[in-house]
Each structure stands twice: as C-alpha cells, then as structure tokens.
Amino acid sequence: MRTPMVVANWKMHGRLAEARELTQAVRDGLKRPRGVEVALCPPFTALGAVAEILTGSPLLLGAQNCHWEDTGAFTGEVSPAMLADLGCRLVIIGHSERRHIFRETDEEIRRKVAAALRHRLQPVLCVGETAEERRQGLTFTVVEGQLRAGLGGLGAEDLARCTVAYEPVWAIGTGLNATPGQAAEVHGYLRGLLSELASKEVAQSVRILYGGSVKPDNVGPLAQEPEIDGALVGGASLQAASFITIAKKSAAKSGASKE
Ligand code: PGA
C-alpha cells in the first residue's frame with residue numbers, strides 16, 4: 001500500500017553548477033527506480049535548474065519550505081503557488097531547523113501544510129523531539145503535539161496526501177541515528193494518531209519517513225522496519241553515490257509496497 005520514498009534535503013547547499021552536477025549524477029544513477037519514489041529538495045535558487053534536468057525523469061522536485069499565502073507583501077518569502085509553478089510536487093514543512101533556528105510555530109506550520117495542499121503539493125511534515133525532551137520521557141508528548149498541530153483539522157482526503165517525517169533533533173547532522181527499534185516505536189505511535197485523526201485506512205496509506213543521520217551503512221536495517229516508509233536525508237544526499245545507495249537500499253523488495 002505504501003511505496004517507500006527517499007527525499008534529499010540539500011538544506012543551504014548547492015550553487016547552480018554544483019546543483020546541476022549533483023542532479024545529473026543522481027538522475028543517471030536512478031534512471032528508473034523500482035519500489036521507491038525519490039525526490040530532490042534543493043534550495044529555492046536551484047529549483048529551476050534542477051527542474052530542467054529532471055524533465056522526463058521519474059524523480060520528483062521538492063522545496064524545503066514555503067509561506068502560507070499565495071502572494072503578498074512578504075519580503076523574502078516564497079509561496080506554494082510559486083513552487084507548484086516551478087514543477088515542485090512536494091514541500092518539506094516544519095523541519096526542526098525551521099522550528100528551532102527560525103522559531104516557526106505550530107500555527108505557522110499548520111497554515112503552511114494547508115497552503116501546500118491547496119496547491120496540490122505533498123507536504124512532508126517533520127516532527128521530532130530534542131535530546132533533552134527524550135531524556136525527560138517527553139518524546140511521545142512532543143511528536144503528538146506537533147502532529148496534531150500540523151495535521152489536525154484536515155479532512156481524510158487531505159490527510160491521505162500528506163507525508164510525515166520523524167526526525168529526532170538529536171539525530172540530525174550528528175552522526176547519531178535512531179535505532180530501527182527507536183524509530184519504529186515512534187512511527188507506530190504516529191500511525192495510531194493518524195488513525196484517530198482520520199481512519200485506520202487513511203493511516204495505513206500515509207508514509208512515515210525517518211530522518212536523522214541516514215547513511216548508506218545504516219539505512220538497511222531502518223528500511224526493513226515495516227513502520228519505516230523511507231528516509232529524509234540531509235548530509236548524505238549531497239554526494240550522488242551515497243544518496244543513490246540509500247535510495248536503492250530503501251526500495252521495497254521486488255517492487256512490493258509496505259503493508
Ligand atoms: P542529516 O539531516 O541526514 O544530515 O542528519 C536530516 C535532515 O535534517 O532532514
């Protein structure tokens with residue numbers, strides 16, 4: 001029912017020449033990915049160039065953030081309408097760097113999710129606890145709050161078009177990934193909440209990706225967890241070879257879907 005997905009989050013990396021080179025190499029290495037969907041999320045400035053190279057390829061284009069309005073006096077912001085115009089199919093929303101460095105609130109994130117859906121973009125809603133919150137036993141409370149704030153109130157049809165990414169903050173960029181068991185436990189909890197918000201059926205159809213120090217040598221056991229439906233990859237997505245390996249290792253066996 002769920003085809004795994006691997007999303008490259010390039011963050012603030014990639015001038016045009018680098019972005020073109022990386023995209024071309026990933027495209028060449030993943031001509032017809034089987035059993036996995038693959039998306040590249042370059043910085044805004046490279047979206048046009050990456051879109052050109054991805055023309056005719058099954059690889060999807062995504063963005064790392066968006067505003068919630070279509071147009072207006074919002075200096076420095078980019079709207080989901082503009083992203084859709086460029087050929088984006090998805091947008092990462094509520095990444096922990098947005099929440100923590102740029103102080104994005106749950107309410108802003110909720111509005112961004114709704115705006116993305118209005119423009120037929122697939123929101124990839126990120127949730128995750130800090131190291132301190134985990135130490136205090138607050139992991140489930142934190143991710144539940146973020147999930148309910150981001151997706152609560154959506155109709156079942158809209159909810160079914162969302163993707164969730166569980167990204168423990170302590171695992172992002174640290175080289176310290178969650179174990180498959182730790183991730184699966186949270187994914188299972190999130191899926192239970194999705195059932196409550198919509199229905200069991202919808203919850204079974206929503207992909208829950210894992211993110212945080214995903215590398216070629218740790219993705220295998222993560223991908224084998226039935227509750228983990230792919231990966232959101234930061235650092236390792238900046239090297240074509242490592243990203244291609246991660247995508248291939250994340251593919252469902254013999255093209256089958258999860259569940
Ligand atoms: P990382 O980043 O793979 O470098 O840990 C993941 C992310 O921030 O999405």
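Read the numbers this way: they start at 1 and go in the same order the structure lists the ligands and their atoms. One-based numbering along the sequence shown.
Looking at Asn9 against ligand 1, only its side chain comes within 4.0 Å, counting heavy atoms.
Taking a cutoff of 4.0 Å between a charged side-chain nitrogen and a carboxylate oxygen, Asp106 and Arg148 do not qualify as a salt bridge. Salt bridge absent: Arg15 and Glu18 never bring a charged side-chain N and a carboxylate O closer than 4.0 Å.
Remark: distances from the non-hydrogen atoms of Gly173 to ligand 1 include one below 4.0 Å. Under a 4.0 Å heavy-atom criterion, Ser213 is in contact with ligand 1. Residue-ligand proximity: Ala171 is placed with a non-hydrogen atom under 4.0 Å from ligand 1. Heavy atoms of His95 come nearer than 4.0 angstrom to ligand 1 in at least one pair.
Contacts classified as ring-ring contact (aromatic ring centres under 6.0 Å, His included) and involving residues 26-77 (residues at least two apart or in different chains) are given here: His67-Phe74.
Annotation for ligand 1: atoms under 4.0 Å from non-hydrogen atoms of Gly234 are 1 (P), 2 (O), 3 (O), 4 (O), 6 (C). Which parts of ligand 1 touch Gly235 is read off a 4.0 Å heavy-atom cut-off, strictly below it: atoms 1 (P), 3 (O), 4 (O). Heavy-atom contacts of Lys11 reach the following atoms of ligand 1: 2 (O), 7 (C), 8 (O) (cutoff under 4.0 Å). The ligand atoms of ligand 1 that sit less than 4.0 angstrom from a heavy atom of Gly212 are 5 (O).
At least one side-chain heavy atom of Gln204 sits under 4.5 Å from a side-chain heavy atom of Arg191.
Cluster partners of Val7, by chain and number: Met5, Leu60, Leu90, Ile92, Val124, Leu209, Leu232. The rule joins Ile, Leu, Val, Met, Phe, Trp and Tyr whenever side-chain heavy atoms lie under 4.5 Å apart.
The shortest contact between atom 9 (O) of ligand 1 and any protein heavy atom is with Glu167 OE2, 2.7 Å.
With Arg98 as reference, Glu104 is the one residue of Glu104, Gln64, Glu108 to meet the side chain to side chain donor-acceptor pair (under 3.5 Å) rule.
The environment of Glu77 atom CD is dense: over 12 non-hydrogen atoms of other residues, nucleotides or ligands sit within 6.0 angstrom.
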